[in-house]
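Working notes for the structure below.
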Protein chains: 4
Amino acid sequence: MGSECRAPIGQFVLRFSFLRHESCTVLRFYAFGHAFFMLTIAAATPYNEFEFNFKICIPRMEDSKRAKILEAATKVFAKKGFQYATIADIAREAGISTGLIYLYFENKLDVLLSIILDFLGNLQKANREKLANLTCPKEKLLAILRNFEELLMHDEQGLYLVRILNEALPHIVMIKEKSLQEKRRQILLANRALLDMLDTIIAEGQHKGLFDRSLNPCVMRQILCGAIERVVYGLFYTTYSGDDIGYQAPDAHAAVMRLIEKFIQK
Amino acid sequence: MGSECRAPIGQFVLRFSFLRHESCTVLRFYAFGHAFFMLTIAAATPYNEFEFNFKICIPRMEDSKRAKILEAATKVFAKKGFQYATIADIAREAGISTGLIYLYFENKLDVLLSIILDFLGNLQKANREKLANLTCPKEKLLAILRNFEELLMHDEQGLYLVRILNEALPHIVMIKEKSLQEKRRQILLANRALLDMLDTIIAEGQHKGLFDRSLNPCVMRQILCGAIERVVYGLFYTTYSGDDIGYQAPDAHAAVMRLIEKFIQK
Amino acid sequence: MGSECRAPIGQFVLRFSFLRHESCTVLRFYAFGHAFFMLTIAAATPYNEFEFNFKICIPRMEDSKRAKILEAATKVFAKKGFQYATIADIAREAGISTGLIYLYFENKLDVLLSIILDFLGNLQKANREKLANLTCPKEKLLAILRNFEELLMHDEQGLYLVRILNEALPHIVMIKEKSLQEKRRQILLANRALLDMLDTIIAEGQHKGLFDRSLNPCVMRQILCGAIERVVYGLFYTTYSGDDIGYQAPDAHAAVMRLIEKFIQK
Amino acid sequence: MGSECRAPIGQFVLRFSFLRHESCTVLRFYAFGHAFFMLTIAAATPYNEFEFNFKICIPRMEDSKRAKILEAATKVFAKKGFQYATIADIAREAGISTGLIYLYFENKLDVLLSIILDFLGNLQKANREKLANLTCPKEKLLAILRNFEELLMHDEQGLYLVRILNEALPHIVMIKEKSLQEKRRQILLANRALLDMLDTIIAEGQHKGLFDRSLNPCVMRQILCGAIERVVYGLFYTTYSGDDIGYQAPDAHAAVMRLIEKFIQK
DNA sequence: AATGAATGAGGCTTCATTCAT
DNA sequence: GATGAATGAAGCCTCATTCAT
């Protein structure tokens, strides 16, 4: 925080923090420890007209810095695209300074990789929990795909992730930076593990005579994942651009469930 | 009264037609058979003020060079991603100088929009041709989706397009540049027209009792398109990264056909 | 009720004052004694909507760095001409990196405008001080023109300014950039104010029968200013090109004084 | 010309020429050999809105190409400034192609030098003619300054020249290009000759007891020339920016005459 | 731990100049 | 003589990253 200060206002104490970025100034007013409202003054050209953005917000208290940065970055990457999102954007969104990001991450790409790795980790964890008690291939398949769907549709952050995954995965293969090779390897491994798990379950289902045997399991998996992502992407697009995509989250869920059922059956 | 006349302009012949009406005079200028622009002179009093109405159609230079640039850009955008592709990359790939690109396009974004607009135009054209003789919703749906699939799987350029469409569409909404607004509008319109066409056909099929009535047509369309794109994307990914995706073009085609059949049925 | 408070912000101390009126609360933020901005909160109900009135005064960072850049730019612009001066030249002259200039100014044109605006501001200030105690038109005219002459002949920077003003003023009218419109307006206003002041004094002198009545005040002013600028320009040219212009600063001053006396008299 | 073509319109034959530039298209319509009107279509972006500039003009018939280019360049340099004027601008204004300029001139700087050299040549010629029969220093001085004034105030081109001279002279000293050294030398010589002539006449007048002896002749010359240029510049500024400068050509002339008379007298 | 001023490499874009036609 | 497509050097500007505080 740039600075803090207390001043009595009305019947309670008003505390505020003050943060100057390159292109804007952020003031946060707190009452009772909660951020009371946030005032962003953009375009600090002297003697000029200004643009203000207000955000009345009561933030989570226990936000560790790392999580805060990742959350902000997810939003910014999704809205602007990785390349066009700047470190300054992320810092502004997170309410911190640009330098601090480099205390928690190697560089911008590392932030992106960390978002993806966190997501894949969460997905793996959820899958492990759900699959523990299941034996039927159909139930297993459903469980995994529902986990995928839920993580993406659960909240705004999930919608952002669809956009990010879509954009980022092709790049990950290309990463050359030595210091990020380990993270790159982990992501590719986790991703591959996920796909293999799906392929194996589909093959198992085909083998047991439960699923349609005429199709290549890999294509089937690709279709199922692609359909889910696309459907969720539509939801992201709606919230993001304001255009009506023609359906809501429940429609999306129903359709995905129906797709799985119909498509894998004999 | 009408007359025609040819005059050499640059490297191609300019042809124009001349037509005098009672109250105005119309000049039409043609290049390559296209009406280049149309000039209506309302009150032909010499040395006086005039009223003009223009209608411009196709003022562009060598189409082959333009196509060459677009082809190179498609490849580069697909391989590096739009954000990481530089103008120098495109020029190198096309075998021309960087400056020349700015003779044919406004800037990098304009190149991207042109690629997409050309693709959507081709798709629309192919759809119009195929749909002319069809009445059955199922046949219509199949025709459109096969057009889509064929354009994308037909050759390398098609595979590149999947990657580009995937990455670019979110950006298009964000375009603020004044000079690109018209192209942005056209793309969004063409895209919307395509989606509406699909939605209408699906709704028609549902109404006639041919398709599954329980699902929202927009979601169904989203799933079908998403699945096709994802499957084709897998093929691109294989050729591009060298990783085996686990299936080939024929598998992909078979699966898509089967998906359509199964998913839309009652 | 009022209170004051200090909080460190970046490298300087932020001071603010706090004032509660019956219907609103006013916060004033100061840096270096300047009111940084003023925030009026109309209805201080917590967690509710607010009404704010802002008045921004001087949001800028280190003034010394800004001045350093302007000084370097003045020199470079004068020696190379605005058009041929590069940002790299200015940065080199100021002993900083190119990027830093963009932290203090919008772009190259903004640097130029800032130089001119600063000069006009100094001139206005000097005029205000000198004119405070004068009533005689002749004395007033002399005071203003001597201020002008002194600011330009005082030191090297003054000589540079002649060259810059000469070159820049035609450009200022042409500025289209939205972000520079405000500065453009201010310069034109300040310039106009200066000319109007001169014209008014000349007209007053004519009216009182002190000055030559046969001539248009605007032309007279133009001649006086043009003569001064040209004479000073000669001095700049000498130091800059090494060519002997044939006179020195004292000659210049004597001639200007004599010109004023002779030219305005009846 | 790009192309020519004839078509009967009303009771007389309409001939038109057609010229495509990079950023605009120029049509010229002729009647009876005169350019009837000129239509400039800017921003030839396909499918887009256009900007039109009309110019109804009846050009001189015997325009040699070289003179045409210089005339166009004078206008463009004056309006945009040398650096920001492009060869394409000049070609467009002259109604020719960019390449043709390089058939008549070495490069852009050569065009500028040629404009100035032509002007100085005209001035020298006019001075030689006028001075032939004069012996009185006062008459000689008046004759030279009136020549200067007349050439600059005579027409639009003269006004443009004030602006160009103002901007260009400081640069001429800096020219390093080998191929332009000769022209540079000529300009500096002609300029020096002009100034020397003035200085000599003033000194002569002082010596003969006709002029004020208390001032340095060089400063006096500088003041007289500076005043004239500034006054004429005001007229240019008015026509160019549309702002009212507060006086007209006759006011300017009267004031200049009066200045000379008053300033040089004892 | 946190800040944000400072750096400078690298991309986009313009435009003087060339040259095949 | 005349054209204008093509070239590519050079400048502006952005922004990831560093580092003194």
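The sequence lines fix the lettering, A, B, ..., with proteins before strands; numbering per chain opens at 1. Since the structure is predicted, the reported quantities are computational estimates derived from the model, not experimental observations.
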> Do any of residues 77-96 of chain B sit with a heavy atom less than 4.0 Å from DNA chain E, and if so which?
Replying inline: A85(B), T86(B), I87(B)
> Partners of R92(B) by side-chain hydrogen bond (donor to acceptor under 3.5 Å, both in side chains), sequence neighbours excluded?
Replying inline: D89(B)
> How many Å lie between NZ on K68(B) and P on dA5(F), as a whole number?
Replying inline: 15 Å
> How close or far is atom C1' of dA6(F) from atom CD1 of I69(B), stated in whole angstroms?
Replying inline: 11 Å
>> Measuring from the side chain of L100(C) (C-beta onward, heavy atoms only), which nucleotide among dA5(E), dA2(F), dT3(E) has the closest atom?
In response: dA5(E)
Tell me which donor-acceptor pairs under 3.5 Å the side chains of residues 96-103 of chain B have, and how far apart each pair is, sequence neighbours excluded?
none

>> Holding to ring-ring contact (aromatic ring centres under 6.0 Å, His included), I want the full list of residues that pass it with F105(C), two or more places apart in sequence or in another chain.
In response: none
>> Any base atoms under 4.0 Å from F105(D), or only sugar-phosphate, or nothing? Heavy atoms, all strands.
In response: nothing
> With K68(B), which residues qualify under salt bridge (Lys or Arg N to Asp or Glu O under 4.0 Å), at least two apart?
Replying inline: none
>> Using OP1 and OP2 only, check whether a side-chain N or O of Y102(B) sits under 4.0 Å from dT7(F).
In response: no
> Between dT13(E) and K108(B), is there an OP1 or OP2 to side-chain N/O distance shorter than 4.0 Å?
Replying inline: no
> Who are the salt bridge (Lys or Arg N to Asp or Glu O under 4.0 Å) partners of K108(A), not counting sequence neighbours?
Replying inline: none
> Atom CG of L109(A) and atom P of dT17(F): how far apart are they, to the nearest Å?
Replying inline: 9 Å
> Between dG4(E) atom C1' and I101(A) atom CD1, what is the distance in whole Å?
Replying inline: 12 Å
> Which residues pass the salt bridge (Lys or Arg N to Asp or Glu O under 4.0 Å) test with E167(B), sequence neighbours left out?
Replying inline: R163(B)
> Rounded to whole angstroms, how far apart are CD on E106(C) and C1' on dC13(F)?
Replying inline: 12 Å
> For S97(C) and dT7(E), is the shortest distance between a side-chain N/O and OP1 or OP2 below 4.0 Å?
Replying inline: yes
> With respect to the side chain of L103(D), which nucleotide from dA2(F), dT17(F), dT17(E) is positioned closest?
Replying inline: dA2(F)
>> Quick one, L109(B) with K183(B), criterion side-chain contact (heavy atoms from CB on, under 4.5 Å). Give me CA distance, side-chain angles, the key distance, then yes/no.
In response: CA-CA 10 Å; L109(B) 195 49; K183(B) 242 171 197 160; over 6 Å; no
>> Checking the side chain of R66(A) only, and the main-chain atoms of Y104(A) only, is there a donor and an acceptor separated by less than 3.5 Å?
In response: no
> For DNA chain E, what are the stems built from at least three Watson-Crick or G-U pairs in a row, each pair having both distances below 3.5 Å?
Replying inline: E:2-21 with F:2-21
>> According to ring-ring contact (aromatic ring centres under 6.0 Å, His included), who are the partners of F82(C), at least two apart in sequence or on a separate chain?
In response: F77(C)
> For the pair made of CG in N107(B) and C1' in dC12(F), what is the distance, rounded to whole Å?
Replying inline: 16 Å
